[in-house]
Amino acid sequence: MTTIGILGAGQLGRMLALAGYPLGMRFRFFDPAADAPAKLLAEHVTAEYADLDALRRFADGLDVVTYEFENVPVETVRFLEQFCPVYPPPLALEKGQDRLVEKLFFRMLGISTPDFAAVSSDADLENAARVTGFPAVLKTRRMGYDGKGQFTVWNLDELGGAFRSLQGQPAILEQFVPFERELSILAVRGRDGEMVFYPLIENTHREGILRLSVAPAPRRPKTSRLLEYHQSTQSLAEMYALALMNALNYVGVLAIEFFQVGDQLLANEMAPRVHNSGHWTLQGAVTSQFENHVRAVTGLPLGSTTPLGVTAMVNLIGHVPTLDSILKIEGAHLHLYDKAPRAGRKVGHINLVARTHEELLSKAEIIKRLVEG
Ligand code: AMP
């Protein structure tokens, strides 16, 4: 029996365990929160990430450690490496935790990004704005997610105000990208270097939070070279993912988020873990991202990423409509995370699989109305 230790016991950890049980895996969680969503599913250690005694207890008897949260301190992961392998490799965390380091790493590998510049003090503001122009987006380098710690600014005055509100936290200024749409790719690399890629996903965010994913992403824009265009975008995303995974000697699921502008993909960020935009794979692909992550980190062969139709994933944010209202929609699959509803909090999602994008979008509209109340 293989026992997998997971740092973080949120919904991603919960869905990893749910995918691993049919393969005969066992799980153990580590999370500072006493009421984390995955804790009902397996044994768990409740302690801070810096608590070395607790980490030793956690590691005892584990075959492999993974994480579901990209802000786990790198020192925690490096400490655990003395007891058993940790995948994805800590280097992926190091690169992903700082937006500036991450974007420099993308550029080094030939991955296009929006224009950006570091902002460490007031003295950097003018030069940074010269690089990005206005409008621009100021983001904290660390600990930002779901649009937190981000400001869109239109002139130097606003930029100065936004930077001062960060109270000295190092930041990055990015060009505001007038994107056609946001796309993401999920890629998986096994311990032996085998790689598989899921089809590109189209993502719609509101207030910085993912609301809707559709996969495979519909073909756009409507040109006569529709198919070639779409395939080249998929190939470009795969090439970027491959470059990242090889450079990091990566094992597990990797997500990369892009802005699409014409035939260009500008990388916004990567997540060295299973990802919200991959939840569609639970019903929409031969093998889910969760099962493939479990397979990858335990050294098993990877599963097929072939889609089973077209799938919409609608996030439930802040509240859950009645079960009846969701479950009576034909083909709707509900996934709840056992989290208390709170404004802006992801408490579940709904997957809906259809044969065509037209069929899907009419149903997804019904779900979106239901979800948004
Ligand atoms: P992030 O936390 O970087 O994933 O940003 C959250 C969301 O804010 C993204 O998914 C975009 O919708 C939007 N956003 C972030 N950065 C930019 C940018 N440079 N230009 C335009 N929109 C952005």
Side-chain angles (χ1 to χ4, degrees), residues 4-13 16 28-33 36 38 45 47-52 54-55 58-59 62-109 111 113 139-146 148-149 169-170 172 184-191 195 240-257 267-278 289-290 292-294 296-298:
I4 305 176
I6 304 185
L7 297 169
Q11 64 263 23
L12 301 178
L16 282 168
R28 185 182 301 157
F29 289 98
F30 190 106
D31 196 300
V45 176
E48 295 303 320
Y49 286 117
D51 183 338
L52 300 188
L55 288 172
F58 169 69
L62 292 180
D63 295 287
V64 60
V65 165
T66 188
Y67 43 89
E68 57 115 59
F69 173 55
E70 72 269 37
N71 286 317
V72 173
V74 175
E75 306 75 60
T76 300
V77 173
R78 294 240 182 253
F79 178 76
L80 288 168
E81 270 189 318
Q82 56 182 311
F83 305 104
C84 64
V86 178
Y87 299 123
L91 184 62
L93 274 183
E94 264 173 44
K95 297 291 184 196
Q97 284 180 352
D98 181 320
R99 289 182 189 274
L100 181 66
V101 172
E102 181 180 54
K103 288 217 161 60
L104 290 168
F105 189 54
F106 287 159
R107 286 272 173 103
M108 191 191 84
L109 294 171
I111 300 172
T113 70
K139 302 178 178 179
T140 53
R141 280 172 58 177
R142 289 183 167 272
M143 298 305 276
Y145 64 95
D146 284 351
K148 292 186 175 71
Q169 289 182 76
I172 178 172
S184 59
I185 191 158
L186 298 181
V188 199
R189 188 167 181 274
R191 283 197 193 190
M195 282 185 239
Y240 285 167
L242 184 140
L244 274 169
M245 294 198 298
N246 280 340
L248 294 165
N249 202 10
Y250 199 83
V251 176
V253 169
L254 174 76
I256 315 172
E257 295 184 72
N268 177 33
E269 59 183 355
M270 65 172 183
R273 54 167 171 78
V274 287
H275 193 253
N276 193 172
S277 71
Q289 62 163 345
F290 303 102
N292 257 336
H293 188 76
V294 167
V297 301
T298 55

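For the pair V101/L104, no side-chain contact is recorded, criterion being any heavy-atom separation below 4.5 Å from C-beta on. Under the 4.5 Å side-chain criterion, counting only non-hydrogen atoms from C-beta, V188 is not in contact with M195. Side-chain contact between Q169 and R141: absent, with no pair of heavy atoms (C-beta onward) separated by less than 4.5 Å. Using a 4.5 Å heavy-atom cutoff, the side chains of L80 and F58 are in contact. Looking only at side-chain heavy atoms (C-beta outward), L93 and P272 come within less than 4.5 Å of each other. At a threshold of 4.5 Å between non-hydrogen side-chain atoms, the residues L248 and K95 count as touching. Proximity of L186 to L254: side-chain heavy atoms (C-beta onward) are nowhere separated by under 4.5 Å. For the pair H275 and E257, the minimum side-chain heavy-atom distance is below 4.5 Å.
R273 pairs by the salt bridge (Lys or Arg N to Asp or Glu O under 4.0 Å) definition with E70, not counting sequence neighbours. The side chain to side chain contact (heavy atoms under 4.5 Å, CB included) search around D51 returns A47, D53, A54, not counting sequence neighbours. With sequence neighbours excluded, no residue forms a side-chain hydrogen bond (donor to acceptor under 3.5 Å, both in side chains) with Y49. Partners of F29 according to the ring-ring contact (aromatic ring centres under 6.0 Å, His included) rule, which considers only residues two or more places apart in sequence or in another chain, do not exist here. Every side-chain hydrogen bond (donor to acceptor under 3.5 Å, both in side chains) that K139 has, sequence neighbours left out, goes to E174, N268. For E94, the salt bridge (Lys or Arg N to Asp or Glu O under 4.0 Å) partners two or more places apart in sequence, or in a different chain, are R78. Every residue was checked against the side-chain hydrogen bond (donor to acceptor under 3.5 Å, both in side chains) condition with D63, not counting sequence neighbours, and none meets it. The ring-ring contact (aromatic ring centres under 6.0 Å, His included) test applied to F69 returns no partner, not counting sequence neighbours. In this view, E75 satisfies the salt bridge (Lys or Arg N to Asp or Glu O under 4.0 Å) rule with no residue, not counting sequence neighbours. In this structure, R191 has no salt bridge (Lys or Arg N to Asp or Glu O under 4.0 Å) partners at least two apart in sequence or on a different chain. Applying the side-chain hydrogen bond (donor to acceptor under 3.5 Å, both in side chains) rule to T66 yields the partners H293; only residues at least two apart in sequence or on another chain are considered.
Within the 3.5 Å criterion, the main-chain N or O of P88 finds a donor-acceptor partner in the side chain of Y67. With hydrogens and angles ignored, the 3.5 Å screen pairs no side-chain donor or acceptor of Y87 with any backbone N or O of P90. For the pair T76 (side chain) and V72 (backbone), a donor-acceptor distance under 3.5 Å is absent. Side-chain atoms of E68 come within 3.5 Å of backbone atoms of G10 as a donor-acceptor pair (strictly under, hydrogens ignored).
L100 CG to R142 CZ: the interatomic distance, rounded to the nearest 0.5 Å, is 10.5 Å. D98 contributes atom CG, which lies 10.0 Å from atom NZ of K103 (distance to the nearest 0.5 angstrom). Atom CE of M245 and atom OH of Y240 lie 15.5 Å apart (nearest 0.5 Å). Note that the CD atom of E269 and the CD1 atom of I256 stand 11.5 Å from one another [nearest 0.5 Å]. One finds the CD1 atom of I185 at 11.0 Å from the CG atom of L244 (value rounded to the nearest 0.5 Å). Taken from CG in L16 to CD1 in I6, the straight-line distance is 4.5 Å, to the nearest 0.5 Å.
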### Message
Run L7 and V65 through side chain to side chain contact (heavy atoms under 4.5 Å, CB included) and show every step you take.
### Response
CA-CA 8 Å; L7 297 169; V65 165; 4.1 Å; yes
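Looking only at atom types and distance, the side chain of N249 has a donor-acceptor partner in the side chain of R189 under 3.5 Å away.
For the residue pair A36 and A9, the shortest heavy atom distance occurs at CB-O, 3.3 Å. Taking both residues in full, the closest heavy atoms of Y250 and A271 are given as OH-O, 4.3 Å, listed atom of the first, atom of the second, then distance. Across all their heavy atoms, A267 and I111 have their closest contact at CB-CG2, 3.7 Å. Among all heavy-atom pairs drawn from L109 and A247, the shortest one is CD2-CB, 3.9 Å.
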